[in-house]
Every structure is written in C-alpha cells, then in structure tokens.
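Working notes, structure below.
Both backbone and side-chain heavy atoms feed into the values below; hydrogens, waters and symmetry mates do not.
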Amino acid sequence: MEPKYDHRAIEEKIYHRWEESGAFTPQINPQKKPFTILLPLPNANDPMHMGHALFTVGDILARYHRMLGDPTLWLPGADHAGIETQYVYEKHLAKEGKSRFDFDRETLFKMVWGFVEKNRELNKNQLKRLGFSLDWTRYHYSLEPQIVENVLATFRKLYHDKLLYRGQRLVNYCPRCGTAFSELEVDYQERSDFLYYLNYGPVSVATTRPETIFADTAVAINPKDKRYLKLPGQQATIPLLNLTIPIITDPAIDIKFGSGALKVTPGHDPLDFEIGSRHHLPVISIVDRAGRLDFSDPRFNGLREKAILETLSGLKIPAAREKILELLVKSGALIKKEPLTHAVGICYRCGTVIEPLLLPQWFVKTKSLAEPAIAAIKTGKTKIVPQKRFAKMYFDWMENIKDWNISRQIVWGPRIPVWYCLDCNAEIQIGFISSRGEKVSGPYRVLKENYPFAEISRGLQTLIAPQDAVYQLEPGPCQKCHSEQTLQETDTFDTWFLSGQWPLTTLGYNVAHPEESSGDFEYFYPTSVLDTLWDILFFWVGRMMMFGLYLTGEAPFRVIHLHARVVDRTGQKMSKSRGNVIDPIIMVDKYGADALRMALTAGVTPGGDIALSEEKIIGYRNFANKIWNMGRFLSSDKIKKDLTAKSPGDAALELLVKNLVRQTTDYLRTYRFGQAAEELYRVTWHELADKYIEEYKKGLLSYSVLKNSYLTILKLLHPFIPFVTEAVWDQFSPEKLLISTSWPPIHRTDKI
RNA sequence: GGGCACUUAGCUCAGCGGUAGAGCACUGCGUUUACAUCGCAGCUGUCAGGGGUUCGAAUCCCUUAGUGCCCACCA
C-alpha cells in the first residue's frame, strides 16, 4: 500500500467493481420489504453543482439499507426541464445571432433534443464520480415515450374527472421568455419606483403604472372611507382620453394607501381583475405578448383622442411609461409623484418584469387533489423530516393552494394533447413560418386565403385558441364537422406536471390501465424516503403527493427528508454572480469524492445550511488518508502479533465499538447524518487511531480485537465515505466487497 | 402585513432541567514500529439581553433585540 491515499488511482476502478457486482440492482424478494429512494431528477442539460452533490444523503441511506439486507433501489433519472433548458438553449442560439422565432416548432424541438442528448451522458458520469450507488439499469428520462404516454393519460383522466379546465384569466407572463408561469415561478424584488397621483375628475388616483390608464374600467374606493362618501355612483374621467368610468366601492381598497382611490385595470393587474369580476367590469388588454402597448381592441375604435393612442402604439412598457408621463404633465393631469419602494414580480428564470396578461390557459383544479395530500401528512402516513420546520410550510401552501396553470408557451416539452378544428374555430390566432421563410401571423380566417393548411401546419410556431374554442382529445379529423384541418395545441406542459408523476412513471405505473402496471411498481411503490432540498417542496414534492394520491390512492413516500442547503463559509448562498461557487467535480478531482461527501455531511443540521469551504474538504481528505494509513498499518505483516492472544485492554475497545455501532445506527434511523458523521470521525481518529493503536504498539491490546474493531468501523463509515473504506477493506477481505457486507449487529444492552 | 426557525469557545455545530462539550482554528513541544494529509500537551465561553418558574435553567415560560427563511393582491 502507498503511504498516501490516492483517490485518483482508486475511485473509478472501485465504482466499476460495484457496478459489475450487481450491488446497485436490487433483487425483488416478496419476503423482504424493499427500501426505495428516487434521485431528485437533475436537469438533463445541467452540469453538476453542489446541490447535486448533496444527494450524498440519499446514497448514505441506500448503502445503509443495502447493508441491512433490504432490497434497495436508488433510482436515477434526468428531467428535460422545459423552460430551464429552452432558456439555456436560447442563449446558445443568441451567440449565433439567432432566436427561437427563426424556427418552426418542430425544428426547434429537434435542435433542443440534440443539445440535451449531448449533455445527458455528462450528467450521468458526474453522478458516478460522487460514488452514488444508483441502479443504472432503471435509469429514466422524462421524455421517453412510456413516460410521456402516461403523463398524457393523466391529462385525460383529469379531464374526465372534471379536474381540468380551460380558463381565460390573468396569468404571469414573461415577455422575454414568451410564456406564462404558475405563481411559484414568480420571484419578487424590491424596487425603488414612483407613485404617480393622477387627476381623474372628482378624485385623484395613485398608480405606479400610468401606462395602463387606457385599460381602466373603474375607480374604486373603500366603502368605509369617510372622505369619499359622496363619490359612489359618480363618474371618474380617464386623463388624456377623457373617457368616463364608474366609481365603485370595494373592501379590498386600502384607505391609507395613496389617495385611497384605485384605478381598476382588470386586464393588467391581478387584484384589479378580482375586483373587476366582483363588479362585472369589462376587461381590456392593451399590452401584447412582447410587452408592447397595443390598442387593437375594438373598444378603442371611434374615440376622439385616438391620435394619442396611435403615437403610443407599439412602444415597449418602459418607453411607453415615459411618453405617457410626458403627456400627463402636459395636460396637467399629473398632480404629483412620490418615491415608493415596492415589490415587483419578476421572472424567476431571466429576471424580466412579469406582465399580467389575459390569456386562455389550461388549469388543473387543485383543491380536491390537495385534500388527501394534507391528510397524508396529518395522519402521519407520510412524515416530513425535520417536521417542525417544514410541515407548516407544506400545510400553508396546500391549504391555500391555487389552481395550477399547466400551460407553457414554449416548445421544449410534450404538447398538451388537445386538437382544435380550424374550420370550427376560424378565429384561432396562428403564427407560422411560410415555405418562403417569412414569419406570418393572424387569425386562421384570414390566413387560409393565402396559405394552404399543409404549409401552416408544417411551419407552425404557436396558436392561441379562444377560450370557448371547440376541441377534442384525439388527433385526426374533427369529430364534429369531419374537417381534416385540425391542429394540436401548441402549449406544452409545465415541467412539473411530468416530474410530479415521477414516482409513478419511473416505476412503471400504467395510468390508463392500472392493472397492467409493472412488477416494479407493485414492489417498490410507495417509496421509502424522498431526500431533497426544501426549495422544491411546493414545485415538486407537493405535486408528487397530489398525483400519487390521486392516481393510486397512496402517498408516494413514507418519509420526506429535506436536507440542508450549501452556502459558503460566510453563510452566503452560492451563485455565479457572487463568484463563490465551489464546483463539486473539481473538488472530487482534487481531494476525492469521499472528502467532499464527508464535508457535505459532517456537522450538518437537518434543514439548516451547510457552510462549505475548500479547507473543510481538505480536512476530510486528511481523514480519508488517516483511514487508509490505519489500514496500511494493520495489514502490514511486520506488526501482526499472536492472533489468538487476549489482552486486558480489549474489553474497553470492544465496548467503544459496540456503542459506536448503536449510536451510528440510532443517528441514521433518525436522519441525523451530521452527528453520525462527526461521531464516526471523532471515534475513528481520536479514539481508535490516537489511543488504541498507540496502546497496541505498547502491547496493551490484542491484534484481533484491534483489527476487528477497525473493520467494524469501516462498515459504519462505508455509507459516508464508500471509496476509501472499500479500498482498504480489500486488503483484509478481498473475497467480498464491503458494499455487499452486512451492517454490524446492535447490542442495545451495553452502556459505557 | 402574517408565520416559522435560529442566536452556546475565533469558526462550524452538539447538548435541551442537575458541576459548560466536540471538531477545526490557535499556542507550545515532538520526527517513538501506519499517517507531517502526523503525534502529545495546552488555551478559549456573563450558553444574545432582561424578567419569571424551580432546591437547581444553556435547557421550561414571558419579553426585547438581531439573523435567516416561507407566505401575502402594498395599487
């Protein structure tokens, strides 16, 4: 053995031996209860970051249970990650001077597909570098045909169960990404802005968005506002347009804010939309999907001041705001402005200000899905660890859940399986690339005069069907008028609609014919533990709970374990912009996978933060070296003495090891990995090495007890630092891999 | 605006009713049969502040302050 542990010479070989031994693939044995974990599916295009390295916790659980003798499945996979991936790919396109608008959707989809396929292997290999004992024979990808087939079947089932609807309402739209999002994908940012007071005739209103005044349909005040008792029933006047709108009362108005009067703009503000629907106000849209002012709504026809609108038409929001303020000043309608700090919704992906837009979208009714998901946690059928911190967060979200917008206006993902007949829905808005390469858009009614259906279909980019459009759930001719001219919905699924069914789809559940589900599903579902970061508790965990219960009646996990988040040594979140990112693969190259795994495990509190630094990793690299050298010492022929001799010092060491076995096992059972790792570190180094090996050198201990203690501790350490323990184990018992040995028995009665 | 959690040695954290703990860092010393990616010895604290319960509180209760996080329609 070399005097230094060289992870480079060892890790890859050992991983191969594990894989070839079949240890990662469980034997289905109906007599035994399986242990199942799903790897939180990484994005297929994502190079590994520390978040992925934290799945060490899953590996610890998998290796521990494998050693306990449980048929253990740790199932890997990759997610197509809709918007994330398309965003990354668009940045590549931008480097070549192109954009998504230059391609029809089929071509673009194929291009992204090729891009992802190139990266998918990389991701797999990086997971292997960490030593993760994943069953690669069961690897899945979210876009493989069987998975997509099941997801579409779920869509149809939701439809038939009346849990799905097409709704026209304000959605969170990112003009940059060109798609709507659910409320979870909107971040809020504090911004310094201005609050503008505008003269609306009998009242002044305060607004941060003067550019939306043309879409106002009322002014609202609080019915309890004593200043304005005489106003209700009167008319207010929109500046510049000199249009009158009613003054209404609504309890949602904050008397103390601004002037206490709100301009109600149902087409461009969520609160206003609600107020508008309570009072049956008309909804006017004046912003298009590129974030520009657009006054094509017929309600603007015939206005005397239409010239003003014409000068503004087509301006992007920030420019439009400037221009309108100028006009307001000129007309004397701007009373005053005052600074205001407020939260602005931005796209979580690209940071663009979210524009609430009125769009027809597909929604899932979530209330009845959330109820069993709440009950599963309340009754303890599924436990959240750490409970006190995260169960409340879970309940808060589930109990106030909103209907889920699953429509995304991107190409990278399966299209929603709905078909529109163009002859029945001539007002469908279509965008496509003609055979001559021009970008063409408009209602089908107009387009069909100049373009044959085949050309539109081939070059299709997007379609927007009116809310009341006629549709069917099957491809092929229209079931109503038998027209052959049908087009599939161009909205794709929210990624989480697919990944929310991951426990079912990867284990071979058959949504359309549950009785034909695979043996894997029967055996491994529900899974034992889900280990993930709390930041996707709602996105992913909540949805899996809902889908699992909805489709199978059983919650997908017995335990949801939420692990810590990696921050730098000063407690700052790691991010590219802060420049404090530590690349796990570089760390594995430099110090070995064991060192990184241990640094991510030891001393970590459940659900807290992990303060990671290169120094910490170096510390655990030294630990791996220590274990290596202990093995080197104990396996060298020079030091081996009488193998049968007993010594008075033996009992103390035997007791120490027994207690360590009990303690480690207890910690693992209660998900206290941080303490388990620290205790193992301390006892291995400062007790076994510093104390007992030194005593052995003085002849106070027998060789067999020392060696057996060491081997037992190797077993305990193996889930945490699998490579060095396996390498050194090989010096003592080459006939059997450490990964396949059994966990040491526990002696409960022994106390120190 | 609601809610949750946290505040213990320079750092990261255990302890959760009975005389303050670990690792790292630090300071000395040291190359003795693995390991200098090492060993030995040592130093370090009004357990955030205040009040209460108790024979006894870092541990239970109240309160103040700070930090982190989640939720929410601040126009």
Can you tell me how far C1' in B:rG15 sits from the matching atom in B:rC60, rounded to whole Å? 16 Å
Hey, what do you get for NE2 (A:His268) to CG (A:Leu358), rounding to the nearest 0.5 Å? 8.5 Å
By nearest atom, which of the nucleotides B:rC73, B:rG15, B:rC74 is closest to the A:Leu271 side chain? B:rC73
Just checking A:Phe273: base, sugar-phosphate only, or nothing, at a heavy-atom cut-off of under 4.0 Å? nothing
Going by purine N1 to pyrimidine N3 plus the second Watson-Crick contact, or the G-U wobble pair, all under 3.5 Å, which nucleotide sits opposite B:rG1? B:rC71
NA contact type, A:Tyr620, heavy-atom cut-off 4.0 Å: base, sugar-phosphate, or nothing? nothing
Do A:Arg227 and A:Asp225 sit within salt-bridge range, that is, some charged N less than 4.0 Å from a carboxylate O? yes
Choose from B:rA75, B:rG39, B:rA34 the nucleotide whose nearest atom is closest to any side-chain atom of A:Trp685. B:rG39
Once you apply a heavy-atom cut-off of 4.0 Å, does A:Arg682 come out as touching a base, just sugar-phosphate, or nothing? sugar-phosphate
Of the candidate nucleotides B:rC35, B:rG23, B:rA75, which contains the atom at the shortest distance from the side chain of A:His686? B:rG23
May I ask you to verify whether the side chain of A:Lys626 and the base of B:rC35 hold a donor-acceptor pair under 3.5 Å? yes
State, without any angle test, whether A:Ser204 and A:Asn199 hold a side-chain donor-acceptor pair at a distance under 3.5 Å. no
Could you check A:Leu195 against A:Tyr5 and say which one's nearest nucleotide on RNA chain B is further toward the 5' end? A:Tyr5
What is the nucleic acid contact for A:Lys256, judged by heavy atoms within less than 4.0 Å: base, sugar-phosphate only, or nothing? nothing
Side chain of A:Thr208 - closest among B:rA75, B:rC69, B:rC35: B:rA75
Nucleotide forming a Watson-Crick or wobble pair with B:rG66, both distances under 3.5 Å: B:rC6
For A:Met393, answer base if it contacts any base atom (sugar-phosphate contacts may also be present), sugar-phosphate if it contacts only those atoms, and nothing otherwise; contact means non-hydrogen atoms under 4.0 Å. sugar-phosphate
Within the structure shown, what part of the strands sits under 4.0 Å from A:Asp609 by heavy-atom distance: base, sugar-phosphate, or nothing? sugar-phosphate
Checking B:rC70, B:rG15, B:rG23 against the side chain of A:Tyr681 (C-beta onward), the nearest is B:rG23
note: A:His268, atom NE2; B:rC73, atom P; distance rounded to Å ~ 19 Å
May I ask you to verify whether the side chain of A:Glu183 and the base of B:rA72 hold a donor-acceptor pair under 3.5 Å? no
Distance, C1' atom - from B:rU67 to B:rG42, rounded to whole angstrom: 34 Å
Rounded to whole Å, please give me the gap between CD in A:Glu614 and C1' in B:rC11. 17 Å
CD1 (A:Ile693) and CG (A:Asn629) are apart, to the nearest 0.5 Å, by 9.5 Å
Of the options B:rG15, B:rA36, B:rA34, whose atoms approach the side-chain atoms of A:Ile693 most closely? B:rA34
A:Ile627 CD1 to B:rC38 P, straight-line distance once rounded to whole Å: 13 Å
Could you say whether A:Ala689 or A:Tyr667 is positioned toward the 5' end of RNA chain B, judged by the nucleotide with the nearest heavy atom to each? A:Tyr667
Look at all strands and tell whether A:Lys263 reaches a base, only sugar-phosphate, or nothing, counting heavy atoms closer than 4.0 Å. nothing
With a 4.0 Å cut-off on heavy atoms, is A:Ala252 in touch with a base, just the backbone sugar-phosphate, or nothing at all? nothing
So if I take every side-chain heavy atom of A:Asn629 and compare against B:rA75, B:rA34, B:rC71, which nucleotide ends up nearest? B:rA34
I want to check a possible cation-pi pair here: A:Lys707 against A:Tyr696, using under 6.0 Å from ring centre and within 45° of the ring axis as the test. no
Is there, by distance only and without an angle test, a donor paired with an acceptor across the side chain of A:Lys697 and the base of B:rA34 below 3.5 Å? yes
Check every strand shown and say whether A:Trp397 touches a base, only sugar-phosphate, or nothing at a heavy-atom separation below 4.0 Å. nothing
For the side chain of A:Asp690, counting heavy atoms from C-beta on, which of B:rA34, B:rC40, B:rA75 is nearest? B:rC40
Using a heavy-atom cut-off of 4.0 Å across all strands, would you classify A:Ile253 as base, sugar-phosphate, or nothing? base
Which nucleotide in the set B:rC74, B:rC69, B:rA72 lies at the smallest distance from any side-chain heavy atom of A:Trp534? B:rC69
Paired with B:rG42 by Watson-Crick or G-U wobble geometry, both distances under 3.5 Å: which nucleotide is it? B:rC26
Is it true that A:Tyr591 and A:Tyr620 have ring centroids separated by less than 6.0 Å? no
Would you say the ring centers of A:His342 and A:Phe257 fall short of 6.0 Å from each other? no
With a 4.0 Å cut-off on heavy atoms, is A:Glu615 in touch with a base, just the backbone sugar-phosphate, or nothing at all? nothing
Take the angle between the ring planes of A:Tyr196 and A:Phe194 and call it parallel below 30°, perpendicular above 60°, tilted in between. tilted
Can you identify which nucleotide, out of B:rA34, B:rC73, B:rC71, has its nearest atom closest to the A:Phe538 side chain? B:rC71
